[in-house]
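Let me begin by presenting the structure, written as structure tokens, before commenting on it.
Please read these numbers as outputs of a predicted model, since none were measured by experiment. Sequence positions, counted from 1, serve as the residue numbers for this chain.
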Amino acid sequence: MSKATVSIGDIPYKMIAVSGGGNTLIADEPAEFGGGNEGFSPDELLCSALGACTAATLKMYAGRKGWIVEKLEVSVSFERKPGEVSVVLQRAILLEGVFTAEQTQRLLDIANKCPIHKLLSNQIRIETVIQ
């Protein structure tokens, strides 16, 4: 099970996130929303999760196949549209190396199978309790 605990103190919107494994990161809101812009915004964290999962999945797959990846970069963005409920995540993968057309297509197929992509592509149910 994956887990993160996020706490917020007296500094407006600055949050400390601690993973189940003890890793720490800072999340914050941009200055235009009253934050100090000292860390990733929640939207940026979501984009980062998909980007990190995609990059790791592609690197693992290419490594198992013995394909040499010279450079791998994943950019993810989205923009909230006023009045719309759903959003579209845009993912761009920069992949450098010597790949055939078939290998490139296979890597695209694999990118679409990363665990976070699959999670975000399905219905998500959030269960909340106040303790």
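In this structure, L120 is a member of the same hydrophobic cluster as V87, with clusters built from ILVMFWY side-chain heavy atoms closer than 4.5 Å. A chain of hydrophobic side-chain contacts below 4.5 Å, direct or via other Ile, Leu, Val, Met, Phe, Trp or Tyr residues, connects I126 to I116. In the hydrophobic clustering of this structure, V88 does not group with L46; members are Ile, Leu, Val, Met, Phe, Trp, Tyr whose side-chain heavy atoms approach within less than 4.5 Å, directly or through other members. The cluster map of Ile, Leu, Val, Met, Phe, Trp and Tyr, joined by side-chain heavy atoms under 4.5 Å apart, puts I68 and L72 in different clusters.
Here the shortest heavy-atom pairing between K118 and N122 reads O-ND2, 2.7 Å. When all heavy atoms of N37 and A31 are compared, the closest pair comes out as CB-N, 4.1 Å. Counting all heavy atoms, side chain and backbone alike, D28 lies closest to G35 at OD1-CA, 3.6 Å. A pairwise comparison of heavy atoms in G34 and P12 identifies O-CB, 3.8 Å as the closest pair. Here the shortest heavy-atom pairing between A111 and I93 reads CB-CD1, 3.7 Å.
In I11, the CD1 atom is not crowded: 12 or fewer heavy atoms of neighbouring residues, nucleotides or ligands sit closer than 6.0 Å. Shown here is L108, whose CG atom has more than 12 heavy atoms of other residues, nucleotides or ligands within 6.0 Å.
A salt bridge does not link E79 to K81: none of the charged nitrogens lies less than 4.0 Å from a carboxylate oxygen.
A donor and an acceptor atom, one from each side chain of R91 and S75, are nowhere located under 3.5 Å apart.
For the atom pair CG (L89) and SG (C47), the distance works out to 6.0 Å, reported to the nearest 0.5 Å. In this structure, Q103 CD and K65 NZ are separated by 9.5 Å, a value rounded to the nearest 0.5 Å. One finds the CD atom of E127 at 4.5 Å from the CZ atom of R125 (value rounded to the nearest 0.5 Å).
With contacts defined as side-chain heavy-atom distances shorter than 4.5 Å, the pair L94/V74 does not qualify. Inter-residue side-chain proximity for S41 and L45 is flagged as unmet; no heavy-atom pair is nearer than 4.5 Å. Annotation: side chain of Y61 is in contact with side chain of L107 (closest heavy-atom distance under 4.5 Å). In this structure, the side chains of V98 and W67 stay at 4.5 Å or more apart for every pair of heavy atoms. Within the 4.5 Å cutoff, the side chain of K71 has heavy atoms near those of the E73 side chain. With a 4.5 Å cut-off on side-chain heavy atoms, V76 and T54 do not count as touching. With a 4.5 Å cut-off on side-chain heavy atoms, T24 and I16 count as touching. Looking at T100 and T104, their side chains never come closer than 4.5 Å, going by heavy atoms from C-beta outward.
The ring-ring contact (aromatic ring centres under 6.0 Å, His included) check on Y13 picks up nothing, with sequence neighbours excluded.
Residue pairs that meet the salt bridge (charged side-chain N to carboxylate O under 4.0 Å, His left out) test with at least one member in residues 31-60, sequence neighbours left out, are K14-E38, D43-R80.
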